[in-house]
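Model, not experiment: these values are computed from the prediction.
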Amino acid sequence: MLMLLPMVVAAQEATVLNRMEDTLRVQFRVGQSDLDLKYSDNEHRIDAFVKRAWRHYVSRNAADLQLNIFTGSSPEGPAELNRRLGEQRGIALRSELLKRLDGLVGNITVVNEGARWGALYHRIEASNEPWKEEVLNIIGRQQDTDDWASDERERRLRKVRGGAVWRTLNERYLPALRSSGSAIIASAKEPVRDTLVIRDTIIYLPVPYPETYIDHRKLWAVKTNLLLWGVIAPNVQMEIPLGDCYRWSIEGEVFFPWWTWSHNAHAEQFLNVGAELRYWLGDRALQHTLDGWHVGMGLGLGYYDFEWKRSEGWQGEYLNLYCNIGYQHRFGRQKEWLVDGGLALGYIPTKYRHYLGSSTFPKGHEEEHDDHLMWQDNGWKHIIGATHVNVTLGYLFDAKTVYAKIFKKER
């Protein structure tokens, strides 16, 4: 069964907004639910609306008047968060108007539109965009499923004409839906909407939940390089995004194998610390935090001590300067796991000390039966090439905080 709910919502919204003399429109900050009177001329608009209301309706019986408040959010992202944001905005506007209109209207009702697919449909329908019919067909016809089933509209819109249409929607149409709220005084006898479910004084528009959720929160990851475990090298890494758009991140690492065995005849002792500054490629608005292709520059430094059968040993200190390219992917039901693969080309200067064991000396040498390694020479070596390779498995902390609210539902 298919339904044309967005078109119904759009038509009703248009009817309400045609009565501009009694309509209040306020602006919320993007992603915020608090009503800031100092933002976007909100205080002046509310004052003017209240004055008009008292002037036009002061002679009416309060029981005959109802104030309807319409709030919601952009259809992007998880519908559960959009619903809660619309509800909190409506309650904030209701609280402000209740103080100013006390005694004038008999009832104040909040209409929470949640994700405003209907408003988006109406705006595009009134446009002259060359792709209008294609987009209206995607938005206007929606499969009738339960609230928690996937809605493919956002995912399909992102793919129209290679993403060009979604960029236009993001620039021209979605900003107005992300932050606006409105209010209108009407007769208490008029129904607000005949397609809504009423619960207390909050009216909820039943909308589906989008399949796509882009996680833009600031998270931090703990990881380990699986390749180093192949040579018995314990290691740990930590990565943190930087800035507001998370276009950059910084990763720190340390690996520390410190083994001796066979009565110290073998040694693998290595201590490395390093840091890498990463730049994340692609449109970050369409990708999760710490997910996708990245390039970076890194610096490592460390100490090593290797010994083999008391026949030869190397000790030294080094630097590792490298440029890296890689791809990191988040997975799991809550996108809390990640895997990262990368290859780096760089330059390693190392100051070494070279030792040989007595077993390698010519017969008759006075140290022939000594078990100790003997110093032979020292100097510098310079290595250019693939100096850093990783296949990393990691876990994102705080990744479940919002996802748990999205996926948890009482049955």
Item checked: Glu133: partners by salt bridge (Lys or Arg N to Asp or Glu O under 4.0 Å), with sequence neighbours left out ->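 Expected list: none.
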Margin query: My understanding is that only residues two or more places apart in sequence, or in another chain, count here; which of them pass salt bridge (Lys or Arg N to Asp or Glu O under 4.0 Å) with Asp41?
Written below: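 Salt bridge (Lys or Arg N to Asp or Glu O under 4.0 Å) list for Asp41, sorted by chain: empty.
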Student check: side-chain heavy atoms of [X] and [Y] closer than 4.5 Å:
X: Thr109; Y: Ile69; answer: no
X: Lys335; Y: Leu396; answer: no
X: Val295; Y: Asn324; answer: no
X: Glu239; Y: Glu253; answer: no
X: Glu276; Y: Tyr322; answer: yes
X: Leu242; Y: Leu277; answer: yes
X: Tyr303; Y: Gln315; answer: yes
X: Thr23; Y: Phe70; answer: no

Working to the nearest 0.5 Å, report the span between [atom1] of [X] and [atom2] of [Y].
X: Leu321; Y: Leu319; atom1: CG; atom2: CG; answer: 6.0 Å
X: Leu157; Y: Ile138; atom1: CG; atom2: CD1; answer: 4.5 Å
X: Leu299; Y: Leu301; atom1: CG; atom2: CG; answer: 6.0 Å
X: Leu345; Y: Ile325; atom1: CG; atom2: CD1; answer: 10.0 Å
X: Asp377; Y: Tyr355; atom1: CG; atom2: OH; answer: 10.0 Å
X: Gln237; Y: Glu251; atom1: CD; atom2: CD; answer: 4.5 Å

Which atom names give the shortest non-hydrogen contact between [X] and [Y], and what distance separates them?
X: Pro234; Y: Pro257; result: CD-CA, 3.9 Å
X: Tyr173; Y: Ser127; result: OH-CB, 3.3 Å
X: Ser249; Y: Leu290; result: CB-CD2, 3.9 Å
X: Trp293; Y: Gly326; result: CE3-O, 3.2 Å
X: Val254; Y: Leu271; result: CG2-CD1, 4.3 Å
X: Cys323; Y: Met297; result: SG-CG, 4.2 Å

Next item on the list: Check step by step if side-chain contact (heavy atoms from CB on, under 4.5 Å) holds for Leu24 and Ile184.
Entry: CA-CA 6 Å; Leu24 164 68; Ile184 184 171; over 6 Å; no
One thing to verify: whether [Y] and [X] come together as a salt bridge, which I'm taking to mean a side-chain N less than 4.0 angstrom from a carboxylate O.
X: Asp47; Y: Arg100; answer: yes
X: Lys132; Y: Glu125; answer: no
X: Arg167; Y: Glu171; answer: no
X: Glu129; Y: Arg172; answer: yes

Could you tell me if [Y] and [X] have a donor-acceptor pair between their side chains, going purely by distance under 3.5 Å?
X: Asp291; Y: Gln328; value: no
X: Thr350; Y: Tyr304; value: yes
X: Gln287; Y: Tyr246; value: no
X: Asn390; Y: Thr392; value: yes

Under the side chain to side chain donor-acceptor pair (under 3.5 Å) test, which residues partner [X], sequence neighbours left out?
X: Tyr279; answer: none
X: Trp54; answer: none
X: Thr387; answer: Asn320
X: Tyr39; answer: none

Under a 3.5 Å distance rule, please check whether [X] uses its side chain to pair with a backbone N or O of [Y] as donor and acceptor.
X: Asn225; Y: Val391; answer: yes
X: Arg89; Y: Gln32; answer: yes
X: Asn42; Y: Asp36; answer: yes
X: Arg330; Y: Thr289; answer: yes
X: Thr224; Y: Asn235; answer: yes
X: Arg45; Y: Arg25; answer: yes

Check: Which pairs pass salt bridge (Lys or Arg N to Asp or Glu O under 4.0 Å) with one or both residues in residues 339-356, sequence neighbours excluded?
Finding: Lys223-Asp340, Arg278-Asp340, Glu317-Arg353
Next item on the list: With sequence neighbours excluded, tell me which residues meet side-chain contact (heavy atoms from CB on, under 4.5 Å) with Ala92.
Entry: Leu35
Margin query: Apply side-chain contact (heavy atoms from CB on, under 4.5 Å) to residues Leu37 and Glu96 and explain how you reach the verdict.
Written below: CA-CA 10 Å; Leu37 297 180; Glu96 182 65 29; 4.1 Å; yes
Next item on the list: Verify side-chain contact (heavy atoms from CB on, under 4.5 Å) between Phe256 and Val273, making sure each step is shown before the conclusion.
Entry: CA-CA 9 Å; Phe256 42 91; Val273 295; over 6 Å; no
Next item on the list: Kindly assign one of parallel, tilted or perpendicular to the pair Phe331 and Trp337, based on the angle between their ring planes and the thresholds 30° and 60°.
Entry: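 Parallel: the ring planes of Phe331 and Trp337 meet at under 30°.
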Margin query: By the ring-ring contact (aromatic ring centres under 6.0 Å, His included) test, which pairs, at least two apart or in different chains, include something from residues 219-238?
Written below: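 Every pair satisfying ring-ring contact (aromatic ring centres under 6.0 Å, His included) with a residue in residues 219-238: Trp220-Phe397.
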Going by ring-ring contact (aromatic ring centres under 6.0 Å, His included), name the residues that satisfy it together with [X], two or more places apart in sequence or in a different chain.
X: Phe270; value: Phe255, Phe306, Tyr318
X: Trp280; value: His294
X: His354; value: Trp314

Notebook entry, point to check: Are Ile46 and Phe49 close enough, and set up right, to give a side-chain contact (heavy atoms from CB on, under 4.5 Å), and what steps lead you there?
Noted result: CA-CA 5 Å; Ile46 293 176; Phe49 176 76; 5.7 Å; no
